[in-house]
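Okay, structure first, notes after.
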Amino acid sequence: MIGRLALAALLLTTAAPACPQATPARATNFPGKPPIAVGVAWYPEQWPETRWPVDLAMMRKAGFNTVRVAEFAWSRMEPEEGKFDFAWLDRAIDAAAKHGMMVVLGTPTAAPPAWLTQKYPDTLRVDEDGKRATHGGRRQFSFASARYRTFARTIAAEMAKRYGHNPNVVGWQIDNEIGPPSFDGEAVARWHAFLKGRYGTIETLNQRWATEYWSQHYDSFDQVPLHATGQQNPALLLDFKHFTTATWSDYIANQAQAIRAAADPRQFVTTNTMFWNGGFDHFALHRDLDLAAWDNYIQTGHADWVANGANHDLVRGYKQRNFWLMETQPGRTDWAPVNRALDPGQVREMAWQAIGHGADAVLYWQWRPARNGQETYHGALLGQDGLPNPILAEVTQTAHEIDASAPLLADTVPVAKVAMLFSYDSRWAIDLQPLNKNFDPVREFTDFYRPLRVASQGVAVLSPDVDLSRYPLVVAPALNVLTADTAKRLEAYVRGGGHLVLGPRSGMKDDADALWPERQPGPLAGLLGAHVEQYFALDAPVTVQGDLTGTAATWAETLVPDAADVQVIARYGDPGGWLDGKPAIVTRQVGKGSISYVGAWLDPAAMQALAARLLEAADVRPILTSTDPDVEVSARAGAGRCVLVVINHGATARPVALPAAARVAIGKIADGTLPAHGVAVVRVPACG
Ligand code: GLA
């Protein structure tokens, strides 16, 4: 490990390179605070106050600089309706600050007190079958309840009044892992208002949803049932997702406004989200939040590092800025069928992977398990006796390393030359009508992502609606829902010299889930100079041959070139079948750019060959060459620095070739190898 002085020398002696994508990035907006946060979820309300200094001193010794508190402490902060008790929280925040901790305050609205829901049962959530939730768990409130929102706003406002200018409070987490919708009367009323806002007239809704089909015609908005599942029109079910997105967004805005009205604008406002959660559109939800934060758990205890990295990149894409890892597991979870612990070294890997992908904060969940309750078996840094669990040593090492490398990482952001487009609408539209039950859009996305990430060492995961001009290569693995606007912007991207690749099922639907009148890729068929003639759900692989060879499974589309300059890259082999000899992949040069269409879900080796071809065509090169498949390389650039986070995710030592001018700040690369589960933070002259 490098000491602070040696690191300072390193910062001064290495020449400043010209690095792309350099924008200031730090964990907080407070200049004097640590640029990278590392810490833990702490529940002072569960322990006697005499224990607090012991815990905080242990946290400090572990290298922590941050605690997140209060996100489930509503019954302590408002023990009776309208009566607030913050004295204990004042003392907890003060004690934390005395031990050098930054504080993130959670609003407690995921866990309403019993008095609230007992007196106002209308605030409780109702499930799709009409059953009302009860007290004793969490998230039992209705996201549509006006009364609940008033209580939520009040507690958030009271907290902000008290702590909005507390110099030790650096940010706010609203609620906790928002999720389940409600189907109560207020939700139904909001649904009707939402549809009216979206379509204006019932005639428009009828036309967009094609309600002549099965006599679905509606005479007024209030006839439209509220459903998330069942044999409903998929247009209705897709709009249900738009509705939940809108309802959660204004649920969050309700509290964000209350906080911002009273707080120092430097305190960030965020919420914490979950692994690939498809309950709402996360790009839309984050529009009015300051930064994204998420909770990263490897429930099986077996990390697929590439797939995990894809989720980090997705979260970074919500705001296109560095994010907080608000929770991660110290070893194991307690909610999986088998809660295997990560192997020694992997908790450290996970922290560094997050940082490599753009996290400016890593917080563990949790410090010490409550002596009772639903989560007593969850991994924690201390045991029930208040003494360290074995994992604390690894976390301590990690926290000290993060602290030591913070000056290098400050104001740097991940480097990516490839963008991948993730569209919630497309994911939902496919999930609603999969045609093949094995077509999981997230898995398909990850299959495209895997070789691109490994070979390019940096992928940004973005909404289709953002500016893509800085990325030479843009891949949309299944852009099923493609609006005319997005199509226009993608066309401009290609005409501007970009390389666009569409995967199977792209360009099929509009944003009301209706088929485009043209065959796929709908509004981009003209630019492609080709169209999809037919699509097929596969129950056995077929071969693909041509410039790349392999197999396709689950899904295959046959393409027909319409323009003379369309190049066929590969064709299917399917003797006696519909696919035989038909084009599977086509590409067309457009000025200096190109558009390609991949009609098949390819096997991993073929996907890798495809990725290599695409990267070469777009002239995207890795930062470190000849890396082992288990070695992950991420680069962060900014403030005149390029910093690599190199992780050996394998269980044996692996070779890593660094450029001559590289300076290792953290970890050891001895004789050109990185040990099993090893991490190295390396400064190099340029990010390429
Ligand atoms: C989520 C929640 C936490 C805790 C952990 C356990 O992330 O936000 O309160 O329940 O899961 O894994």
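Whatever order the structure lists them in is the order used to number ligands and atoms, beginning at 1. One is the number of the first residue; the rest follow in order along the sequence.
- Which parts of ligand 1 touch E177 is read off a 4.0 Å heavy-atom cut-off, strictly below it: atoms 1 (C), 2 (C), 7 (O), 8 (O).
- Residue, atom and distance of the protein heavy atom nearest to atom 6 (C) of ligand 1 are H378 NE2, 3.1 Å.
- Both tests do not hold together for R68 against W42: distance to the six-membered ring centre under 6.0 Å, angle to the ring axis within 45°.
- Near F72, meaning under 4.0 Å from any of its heavy atoms, are these atoms of ligand 1: 9 (O).
- The protein heavy-atom contact nearest to atom 3 (C) of ligand 1 is E327 OE1, 3.3 Å.
- Checking T412 against R636 by side-chain atom types alone, a donor-acceptor pair falls below 3.5 Å.
- Listed by number with element, the atoms of ligand 1 under 4.0 angstrom from any heavy atom of N176 are 2 (C), 8 (O), 9 (O).
- Where the criterion is an N or O separation shorter than 3.5 Å, residue side chain and backbone included, T333 fails it with respect to ligand 1.
- When only modelled atom types and interatomic distance are considered, Q255 and T109 share a side-chain donor-acceptor pair under 3.5 Å.
- Between D55 and H99, the side chains place no donor N or O within less than 3.5 Å of an acceptor N or O (distance only, hydrogens not considered).
- Looking only at heavy atoms of the protein, atom 5 (C) of ligand 1 is closest to Y297 OH, 3.4 Å.
- The closest side-chain heavy-atom distance from T66 to W324 is below 4.5 Å.
- N254 and R149 are not linked by any side-chain donor-acceptor pair at a separation below 3.5 angstrom, with hydrogens and angles left out of the test.
- Atom 9 (O) of ligand 1 has its nearest heavy-atom neighbour, among Q299, E375, R138, in R138.
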